[in-house]
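Here the structure comes first, spelled out in structure tokens, and everything after it is commentary.
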Amino acid sequence: MLKLFNQVGGSLMEFFSQAGDFTVISTRAIRAILKRPFDFENLMRQFVAVGVNSIPVVLLTGVAVSMVFAVQLAFGFKQFQAQGLASSVEGLAVVRELAPVITGLMMSGRIGSAMAAELGTMQVTEQIDALECLATDPIHYLFVPRLLAALVMLPLLTGLAIYVGYWGGYLILVNVEGQSAYTFASEFYKLIGTRDLRIALTKAMVFGLIIALVGCWRGYRTRGGAEGVGNAPTSSVVTSSLWILVTDFFLTKLMLV
Amino acid sequence: MSSVIEVANVSKAFGPKVVLKNVNIEVEQGESLVIMGGSGTGKTVLLRIIMGLLAPDSGQITIDGKVIQEISIPELFEVRKQIGMCFQMAALFDSMSVFENVAFALKRHTKMTQKEIAVRVDECLAMVGLRGSDKLKPSELSGGMKRRVGFARAIALKPKILLFDEPTTGLDPVMTDVIGRIILDLKHELGVTSITITHDLKSAFMIADRVALIFQGECLAIEKPEAFKVNPNPVIQQFLRGDAEGPFLQDPPPPKRTRQEANL
């Protein structure tokens, strides 16, 4: 029994210690955004890595998820002779949920893991210590460009996912299910307003914040050589994906009130 | 002479393993101190504590009158601009070229123009005998070249203090001698205060003004090379002879065959 308490207590202590460390590092990273020197070269590199290089993944997943959702909607609404509703619900789902969440989850796998692996490798090969010895704050040099790139690029990629999501739905509901193009175009936007777009982009920004901070933090705290570097991306993807899904619920609940 | 680096009563343990016990070392302006000791005796930990990368459990480090453990993070970075650290495995930024590695601190901490930076990088690379290698990536360099690029990067900001962490480990005897000579040249040309950690006795006695030996976390001796060589302490004499038998190792592996058999 004592052993059980010991184990539970140890795990709790470890959890709070990690949460505290994440909070401290994240606060330092956010505060470092306005610190000099501004490293535009590094920032541009991150914009390309996070944004431009992610376009194919977002295009493919955006179209695929939107298409499969359209198939499900068409099938479901056909049961009630209400095929006309499929376009409206498709629009609502793509803008409010599918585009930001799928983009967030895909980016957590693509860029969050890359950040964790890159910083983890730098940590175990003493490159982060070398940065410190060259009088450079690693939080400022490594976290800030990645954080800014994720904050800017996630909403843009979500915008792209919404755009291709429209065409994915179009492909199924118009070309396969036989709806008229005019009906689809007008119904897609029927249930959504600018507020929904704002919700989607806000979610994307928050997801970007989560992905960059968790990815960088996991990498920065990597210990134990190759095994540690191997664990960092996995742990980063699992943690950020969980946080994306949890914050998605709370953001939706808060912003729809 | 005034002390530039002062290590006062520094102790450090990782869990139950005590790495440093009450270590006291003073390094004077322009002096070259070589710290020797067996593997895992806390030499690298001591350098990391001096750089502020690790916090000691007790004691303090003073560099140029500033207590490292008491200053703020921005002040610590200011102190670090005065120190060049050369890592055991060079720790070069592997995504950057040799030029970018050496120019890194110049770009971030000085207002030098691109042309001035290029001139300074060339100077630094020339000092370590690597002029013309600026476009290479770290993955294209040999172990010795990596160390030398690490030296060039460390001296780029013209630091007052240089710290070398096992600069010759894993290199062939010729390259070990080359590295030793470069350290000696840097010492004479730049007039820096330096601490070098090494196992190589030849280069140690070549570059040292004073030699220290750390044994089981304690600083056994810190004296001039001539005095160190004749120090009667059995641990020091065993270290100098390089014998397996003696008090240096607590649990040496039992010999499977005698020396004579091994030589046959």
Side-chain angles (χ1 to χ4, degrees), chain A residues 10 13-14 17 21 24-25 27-32 34-46 48-49 53 114-115 117-146 219-226 229, chain B residues 14 44-45 47-54 63 68 72-96 100-111 114 138-139 146 149-157 159 161-166:
Chain A
M13 290 285 281
E14 176 66 20
S17 150
D21 185 54
V24 170
I25 298 273
T27 312
R28 268 182 71 190
I30 291 165
R31 285 171 62 181
L34 296 176
K35 266 197 205 162
R36 284 171 183 278
F38 300 116
D39 192 344
F40 285 107
E41 203 181 311
N42 198 358
L43 186 62
M44 286 305 132
R45 222 174 13 242
Q46 291 306 322
V48 172
N53 295 349
M115 288 173 186
E118 191 180 352
L119 268 66
T121 307
M122 288 184 77
Q123 182 64 269
V124 301
T125 54
E126 294 184 316
Q127 291 178 58
I128 290 185
D129 289 335
L131 277 176
E132 294 239 18
C133 294
L134 291 167
T136 300
D137 182 2
I139 304 285
H140 181 240
Y141 181 74
L142 297 172
F143 281 51
V144 169
R146 286 165 176 78
Y220 185 68
R221 288 296 183 216
T222 297
R223 295 284 179 271
V229 177
Chain B
F14 295 102
T44 300
V45 170
L47 274 201
R48 294 173 74 84
I49 291 175
I50 291 173
M51 278 306 282
L53 295 172
L54 276 176
I63 293 177
I68 295 299
S72 63
I73 293 178
E75 283 174 319
L76 179 61
F77 284 128
E78 282 307 310
V79 171
R80 283 177 181 161
K81 284 182 192 170
Q82 305 295 319
I83 308 173
M85 170 88 174
C86 303
F87 287 85
Q88 189 177 352
M89 303 312 287
L92 300 180
F93 303 127
D94 50 18
S95 58
M96 299 181 193
E100 288 167 324
N101 266 283
V102 181
F104 185 86
L106 298 171
K107 282 183 186 167
R108 287 189 74 85
H109 305 306
T110 68
K111 291 188 174 130
Q114 290 292 329
S139 57
K146 280 183 188 166
V149 174
F151 292 1
R153 184 177 69 179
I155 60 174
L157 275 182
I161 299 167
L162 277 175
L163 306 177
F164 298 94
D165 185 8
E166 302 198 25

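So that the names make sense, note that chain A is the first sequence line, chain B the second, and so on, each numbered from 1. We use all heavy atoms of the structure for the numbers below, so side chains are in, but hydrogens, waters and symmetry mates are not.
Residues Ala135(A) and His109(B) share a closest heavy-atom pair of O-CE1, 3.0 Å. Closest approach of Ala130(A) to Ala91(B), counting heavy atoms only: CB-O, 3.7 Å.
Neither the backbone nor the side chain of Ile128(A) comes within contact range of chain B; no heavy atoms are under 4.5 Å apart. If you measure heavy-atom distances from Arg153(B) to chain A, the contacts under 4.5 Å come from both the backbone and the side chain. Contact of Asp39(A) with chain B is made through the side chain alone, with heavy-atom distances under 4.5 Å. Looking at Leu53(B), only its side chain comes within 4.5 Å of chain A, counting heavy atoms on both sides. For Leu76(B), no part sits under 4.5 Å from any heavy atom of chain A, backbone or side chain.
Atom CZ of Phe93(B) sits about 6.0 Å away from atom CE of Met122(A), to the nearest 0.5 Å. The structure places NZ of Lys81(B) at 14.5 Å from SG of Cys133(A), a figure rounded to the nearest 0.5 Å. Atom CE of Met51(B) sits about 9.5 Å away from atom CG of Asp129(A), to the nearest 0.5 Å. A distance of 10.0 Å separates OG1 of Thr125(A) from CG of Leu92(B), quoted to the nearest 0.5 Å.
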| Stepwise side-chain contact (heavy atoms from CB on, under 4.5 Å) check, His140(A) with Arg108(B) | CA-CA 12 Å; His140(A) 181 240; Arg108(B) 287 189 74 85; 3.4 Å; yes
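Heavy-atom pairs under 4.5 Å with chain A were tallied for Arg48(B), Met85(B), Lys107(B), Glu78(B); the largest tally goes to Arg48(B).
Residues Tyr141(A) and Phe104(B) place their aromatic rings such that the two centres sit under 6.0 Å apart.
Looking at heavy atoms from C-beta onward, Met96(B) lies out of side-chain contact with Gln127(A) at the 4.5 angstrom threshold.
Within a 6.0 Å radius of CZ in Arg223(A), other residues, nucleotides and ligands contribute more than 12 heavy atoms.
Not one N or O on the side chain of Glu126(A) forms a donor-acceptor pair closer than 3.5 Å with the backbone of Met89(B).
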